[in-house]
Amino acid sequence: MASAPSKLYSDDVSLVVVLLDANPFFWAAGAGGGNHPAATLPFAKFLDHVIPFLNSLLLMNQLNQVVLIATGINTCGYIYDSGNGGPEGSDNVSEISSEILLRLEEFVCKDRKIGKGTERAMGGSVSSLLSGSLSLALCYVQKVFRSGAIHPQPRILCLQASPDGPEQYVAVMNAIFSAQRSMVPIDSCVVGVQHSAFLQQASYITGGIYLKPPQLDGLFQYLAAVFATDLQSRNFLQLPKPAGVDFRASCFCHKKTIDMGYVCSVCLSIFCQHQRKCSTCGSEFNQAPREPNSASDTIRKA
Amino acid sequence: MARGGNGGSGRKGDERTKNEEEDDEEDEENGGRELEAWERAYADERSWEDLQEDESGLLRPIDTKTIAHAQYRRRLLQRSVHGTSRIQKGLIRYLYVVIDLSRAASETDYHPSRMSVVAKCAGTFIREFFDQNPLSHVGLVTIKEGVSQCLTELGGCPDSQIKALMGKLECSGDASLQNALDLVHGYLSQVPSYGHREVLILYSALNTCDPGDIMETIKLCKKAKIRCSIVGLSAEIYICKHLCEETGGLYSVALDEPHFKELLLEYAPPPPAIAEYAIANLIKMGFPQRGAEGALSICSCHREAKIGGGYTCPRCKARVCELPLECRICGLTLVSSPHLARSYHHLFPVTPFNEVSHTLPIRLQQKFPQNCFGCQQSLISHGSKSNPHVSCPKCSQHFCLDCDIYIHESLHNCPGCESQRQQGT
């Protein structure tokens, strides 16, 4: 029922929830110069690419809606929602950008204030709370689904700079599966140093686009050409194909990427060697691992 | 205008969750026989059920949202009572769904018949089951004319199971519980010891016509640690109850179609792991990589040459099309890491949220946040009174009721807790 009436509405009206990475550690790293992406593209310049992109999304269709969520290192929060604009349609371009900049500044201050005291303990490269902003975005999208049979087509765009945080793995995967179930594509544009395995999987599983622009000077062009089109029109475009996603697992004991390993039957923890006891759930394994064809019992003592 | 083809229920539509809407869609697809318009008014819309009497005897529409939320909370609390103490769940399940296609299944007390309702709900159940237990296996068995037949073998692909079921939908003769149990017992005794053996019987008949002593069969099932559960469609039967009690399963009887579906879907989340039932073990698994685009290879599952895609078994290098499965050549269980991750939320559930009392004095209520932390919906209704809402005991953010349901049923993350840096990690 969700798809048919929304087609009546119009299939090119989109709701884009943009997750903006405001990780201070990443954006400050550019000050030292060198090859770091933040050196060629400081945060202020980055916003010079992103805000016009948001405006152009709103220009494409007067019913389009844009929501901006900032991903910090200590908190996440809503920055801007074009649906909350004044009733007289007073939101002109300069007002929108000044509102975004103002709210973003407040957010960065708040993020820093919450993090006071813990900063020193965290060390150099800190990941942003991607799982938090993804969860917020999905809650918002659900509200749009609930608003009735007529709603814009939602999608999520992650503008990610900082590296993945391994401790968020379960939460990020939960969010990805939930997005997959409600058929919300997660697009990702990575401006950081390395590829993001989380977002590669997110885009692959939910059917979104993953892109790591090679030339950050032209970020706006990438955004406008790849991520601005609505889901319906994407069918007619030649968009970047997924280059191959690594679905191999990493073991819980040494964090090595493995292509064969042992999995606990109770909690599905992954180990690269045979264990006596599961370190996650505490189950004891008294039998040798089941090997269908070979009888290589490594720990048989009797 | 808003809801083409289903006029009349537009008012209710706004309040429904998306989930229910999906169900509606299936209802319409599988409706089969065309109903007359006047019939439809009674059969589908059940307009009288939308009304209830209040204390003074006046009729008023039911507040579906509050009821749905109350139902959900009951489910959630039930689950957390079972699940909080330990994080061990039977995540690797071998389940046989036994479908009674005896004469009784042609009764029309369910609309259009018991059989088609059972088949439709079983289809939904199998999809939901694989969504929640990606590493599990399901097989289908039917009972017809006193004998039971294996419709599909244990497997991991929902589509082929559902297709097989829909193709074999006719009923006749008596039902035999014993024959079905014997058959299933034979299959399940070959299952590896770490797997949880389960049988779910969807039983329409009021009797069982057995060749021997069913009590012996029940003892055998108990010995083989097969957990038997039954969902009845007619009335409670002693032998069913006895079977379920003996083997540690659950027995329930459905009142009507929505209730039947609800009962059935309760079997989708994994049961707590019971040490006597399945021995914890380490299973050797392979994590194949996706093959290069454009490479030509012969796949081991369909035995035909295919170009590109596919996965390569890390042990014997055979090509397979889909995951998860057992390699046809070397028997290694092949999965991808997202399959494992899909089950992790069972182990780390979101703590149930506390209801925020709205009987507190206004002065106190004004200290509450005005918007839902998740979706920014206003929590303040007319005046300055706050709507019923909930708050997370860990991060003490406030959420609206809709987000509460979504967070616990689908997202499995608390947005508030995820938006905080965890200490010590």
Side-chain angles (χ1 to χ4, degrees), chain A residues 1-2 4-5 8 73-76 78 81 115 118 129 131-132 135-136 138-140 142-143 145-146 148-150 167 170-171 173-175 177-178 181-182 201 205 244-245 247-249 258-268 270-271 274-275 281 283-285 287 289-293, chain B residues 2-4 13-14 17-18 21-22 24-25 87-89 91-92 135 192 194 273 278-290 314-315 330-332 336-338 340-345 347-348 374-377 402-403 406-407 410-415 418-423 425:
Chain A
M1 185 131 306
L8 278 176
I73 50 166
N74 298 303
T75 182
C76 298
Y78 286 88
D81 182 348
T118 51
L129 295 166
S131 58
S135 306
L136 285 181
L138 286 165
C139 282
Y140 192 93
Q142 291 300 313
K143 183 176 87 173
F145 280 138
R146 284 194 299 269
I150 298 175
E167 72 281 356
V170 173
M173 292 312 277
N174 283 343
F177 295 131
S178 187
R181 285 179 72 148
S182 17
Q201 300 199 18
I205 291 173
V245 186
F247 279 134
R248 283 180 304 169
I258 49 173
D259 57 8
M260 240 192 292
Y262 297 96
V263 174
C264 166
S265 71
V266 178
C267 67
L268 306 184
I270 307 161
F271 302 103
H274 189 261
Q275 312 271 323
C281 68
S283 310
E284 294 198 12
F285 312 120
Q287 285 185 356
R290 174 181 164 260
E291 277 241 40
N293 287 349
Chain B
R3 291 159 65 93
D14 295 350
T17 61
K18 177 150 186 297
E21 278 183 358
E22 278 169 7
D24 271 7
E25 196 169 53
I87 55 162
Q88 304 194 332
K89 298 257 182 185
L91 292 176
I92 301 182
L135 297 182
Y194 56 79
I279 299 152
N281 206 344
L282 281 176
I283 312 154
K284 192 154 192 179
M285 285 192 190
F287 303 97
Q289 271 183 299
R290 222 178 142 68
R315 185 151 72 183
C330 67
L332 187 67
S336 71
S337 52
L340 299 177
R342 212 176 262 272
S343 301
Y344 288 149
H345 73 84
L347 307 169
F348 313 107
C375 68
Q376 298 288 293
Q377 189 161 310
D402 291 313
C403 278
Y406 174 66
I407 288 166
S410 171
L411 184 60
H412 306 295
N413 279 340
C414 169
E418 290 306 323
S419 304
Q420 282 176 346
R421 185 145 291 270
Q422 256 101 45
Q423 299 302 320
T425 51

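Chain naming here is simple, since letters A, B, ... match the order of the sequence lines and numbering starts at 1 in each.
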Practice task
Using modelled atom types only, decide if a donor and an acceptor are shared between the side chain of B/Tyr344 and the backbone of A/Ala171 within a distance under 3.5 Å.
Solution key: no

Handout entry: Best-contacting candidate, A/Val170, A/Leu136, A/Ile205, against chain B by heavy atom pairs under 4.5 angstrom
Key = A/Leu136

Exercise for the section: Keeping the roles fixed (side chain from A/Asn174, backbone from B/His412), state whether a donor-acceptor pair exists under 3.5 Å. Expected result: yes

Exercise for the section: Specify the closest pair of heavy atoms between B/Phe287 and A/Met260, including all atoms of both residues, with the distance to one decimal. Expected result: CD1-N, 4.3 Å

Completion exercise
One should read off an interatomic distance between B/Gln420 CD and A/Asn74 CG, to the nearest 0.5 angstrom, of 9.5 Å

Exercise for the section: Looking only at non-hydrogen atoms, find the nearest pair between B/Ser337 and A/Gln201 and report the distance. Expected result: OG-NE2, 4.5 Å

Exercise for the section: Measure across B/Cys375 and A/Lys143 and return the closest heavy-atom pair with its distance rounded to 0.1 Å. Expected result: O-NZ, 3.1 Å

Handout entry: Shortest non-hydrogen contact from A/His274 toward B/Leu282
Key = CD2-CD1, 3.4 Å

Problem - Spacing of A/Cys264 atom SG and B/Ile283 atom CD1 [to the nearest 0.5 Å] - result: 8.0 Å

Handout entry: Reported CG-to-CE distance for the pair A/Leu268 and B/Met285, which is rounded to 0.5 angstrom
Key = 6.5 Å

Practice task
Output yes when a side-chain donor or acceptor of B/Ser410 lies under 3.5 Å from a complementary backbone atom of A/Ser178, and no otherwise.
Solution key: no

Problem - Minimum heavy-atom distance between A/Ser135 and B/Glu418, given as atom pair plus value - result: OG-CG, 4.3 Å

Handout entry: Nearest-0.5 Å distance, CD of residue B/Gln377 to OH of residue A/Tyr140
Key = 10.0 Å

Handout entry: B/Ser343 OG to A/Met173 CE distance, which is reported to the nearest 0.5 Å
Key = 11.0 Å

Problem - Nearest heavy-atom neighbours spanning B/Leu411 and A/Ala175 - result: CD1-CA, 3.9 Å

